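Comments concern the structure below.
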Amino acid sequence: MNWLRRFMYGRYGSDQLSMFLFVLYLIIFVLSTVFRNTAASPVLMIIGYILVFLYFFRCLSRNIYKRQAENRKFLQVWNPVKNYFKFLRLRFRERNGVKKLYRCPKCHQTIRVPKGRGKIAITCPKCRFEFIKKT
């Protein structure tokens with residue numbers, strides 16, 4: 001195990017973009033096995049091989065600053081998408097519950113308030129901004 005530690009010394013390793021590439025490869029691999037005898041299978045396999053190559057290239061790279069910049073750009077795109085779906089999941093889960101979800105107009109923090117209370121003043125726990133909504 002010590003040889004692996006010595007080999008990876010000075011190399012970038014794994015990050016969020018690498019994990020995204022690997023998960024995307026697994027999805028494409030499953031799709032290529034589902035569409036095994038079709039014309040799409042070789043195309044999906046080539047895309048899968050490119051994704052695996054990019055994954056290992058990023059993990060074994062010694063240019064750490066470039067890989068960090070790539071990951072930062074990926075996270076600028078990925079985090080709003082992830083947060084949007086997280087908010088949708090929370091809203092769907094709370095649809096039939098006893099709580100209602102609102103977003104703070106100032107800092108966009110998600111706030112859960114009790115349903116059926118009429119108009120109430122809601123204070124954001126993050127920025128202390130107060131706004132009035134009907135529950």
Side-chain angles (χ1 to χ4, degrees):
M1 200 59 165
N2 215 10
W3 64 269
L4 181 62
R5 210 173 283 130
R6 274 186 272 126
F7 176 74
M8 288 302 290
Y9 183 77
R11 298 183 190 271
Y12 185 62
S14 185
D15 62 359
Q16 291 91 350
L17 177 56
S18 298
M19 287 294 114
F20 178 77
L21 290 172
F22 189 72
V23 169
L24 194 61
Y25 162 73
L26 291 176
I27 292 169
I28 288 179
F29 178 75
V30 168
L31 286 175
S32 70
T33 55
V34 168
F35 299 113
R36 179 172 294 190
N37 296 328
T38 64
S41 179
V43 174
L44 290 173
M45 290 298 284
I46 290 171
I47 293 171
Y49 289 142
I50 291 171
L51 290 173
V52 166
F53 173 77
L54 286 174
Y55 172 77
F56 282 112
F57 173 76
R58 288 183 51 75
C59 287
L60 300 176
S61 175
R62 289 186 185 260
N63 194 346
I64 293 172
Y65 297 112
K66 249 188 187 173
R67 302 294 87 81
Q68 286 176 341
E70 291 169 356
N71 190 48
R72 202 173 311 118
K73 287 180 184 175
F74 168 73
L75 288 177
Q76 285 176 348
V77 173
W78 177 248
N79 281 339
V81 173
K82 181 181 75 169
N83 290 338
Y84 175 74
F85 283 108
K86 186 178 176 182
F87 180 73
L88 284 180
R89 186 184 66 190
L90 280 173
R91 189 169 12 162
F92 179 76
R93 190 181 327 155
E94 299 293 336
R95 177 172 282 161
N96 296 327
V98 294
K99 302 280 185 184
K100 189 160 180 154
L101 296 177
Y102 287 107
R103 285 213 170 187
C104 173
K106 189 173 180 185
C107 68
H108 304 289
Q109 173 76 25
T110 303
I111 305 166
R112 291 178 4 156
V113 296
K115 269 187 177 177
R117 299 281 175 110
K119 281 190 177 182
I120 60 171
I122 303 168
T123 304
C124 176
K126 186 176 179 183
C127 67
R128 299 291 179 211
F129 182 74
E130 189 172 311
F131 56 100
I132 296 174
K133 290 286 185 173
K134 180 181 177 187
T135 63

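The shown structure was predicted, so the numbers you read here are calculated from the model rather than taken from an experiment. The basis for the numbers below is simple: all heavy atoms, side chains too, and nothing from hydrogens, waters or symmetry mates.
When the side chain to side chain donor-acceptor pair (under 3.5 Å) test is applied to Ser61, the partners found at least two apart in sequence or on another chain are Arg67. Checked against side chain to side chain donor-acceptor pair (under 3.5 Å), Arg112 has the following partners two or more places apart in sequence or in another chain: Glu94.
For Ala39 against Val43, the heavy-atom pair with the smallest separation is O-CG2, 4.1 Å. Closest non-hydrogen pair, Thr33 versus Val30, comes out as OG1-O, 2.7 Å.
Placement of Phe85 and Phe74 within a single hydrophobic cluster is found when ILVMFWY residues are connected by side-chain heavy-atom separations under 4.5 Å, directly or transitively. Hydrophobic clustering (side-chain heavy atoms under 4.5 Å, transitive across Ile, Leu, Val, Met, Phe, Trp, Tyr) keeps Met45 apart from Phe56. Taken together through direct or relayed side-chain contacts under 4.5 Å among Ile, Leu, Val, Met, Phe, Trp and Tyr, Met8 and Trp3 form part of one hydrophobic cluster. One hydrophobic cluster, built from ILVMFWY side chains closer than 4.5 Å, holds both Trp78 and Tyr84. One hydrophobic cluster holds both Val52 and Leu26 under the rule that ILVMFWY side chains link at heavy-atom gaps under 4.5 Å.
Atom CZ of Phe87 is surrounded by more than 12 heavy atoms from other residues, nucleotides or ligands within 6.0 Å. Heavy atoms of other residues, nucleotides or ligands lying less than 6.0 angstrom from NZ of Lys86 number 12 at most. Atom OH of Tyr102 has more than 12 heavy atoms from other residues, nucleotides or ligands within 6.0 Å.
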Distance-only check: which donor-acceptor pairs under 3.5 Å involve side-chain atoms of residues 13-23, not counting sequence neighbours?
from	atom 1	to	atom 2	distance (Å)
Asp15	OD1	Leu17	N	3.4
Asp15	OD1	Ser18	N	3.0
Asp15	OD1	Ser18	OG	2.9
Asp15	OD1	Arg58	NH2	3.1
Asp15	OD2	Tyr12	OH	2.8
Asp15	OD2	Arg58	NH2	2.5
Gln16	OE1	Asn71	ND2	2.9
Ser18	OG	Arg58	NE	3.3

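For the atom pair CZ of Arg62 and CZ of Arg11, the computed distance is 4.0 Å after rounding to the nearest 0.5 Å. Rounding to the nearest 0.5 angstrom, the gap separating the CZ atom in Phe129 from the CD1 atom in Ile111 is 10.0 Å. In this structure, the separation between CG on Leu31 and CZ on Arg36 is 13.0 Å, given to the nearest 0.5 Å. The line from OH of Tyr49 to CG of Leu54 is 15.0 Å long, rounded to the nearest 0.5 Å. The line from CZ of Arg103 to NZ of Lys133 is 12.5 Å long, rounded to the nearest 0.5 Å. Here the CG-OH distance, from Leu44 to Tyr25, works out to 12.0 Å after rounding to the nearest 0.5 Å.
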Point to revise | Lys134 vs Ile120, side-chain contact (heavy atoms from CB on, under 4.5 Å): CA-CA, chis, key distance, verdict | key: CA-CA 6 Å; Lys134 180 181 177 187; Ile120 60 171; over 6 Å; no

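With hydrogens and angles disregarded, no donor-acceptor distance shorter than 3.5 Å links the side chain of Ser41 to the backbone of Thr38.
When side chains are defined from C-beta on, Thr135 does not count as touching Pro114, because their heavy atoms never get closer than 4.5 Å.
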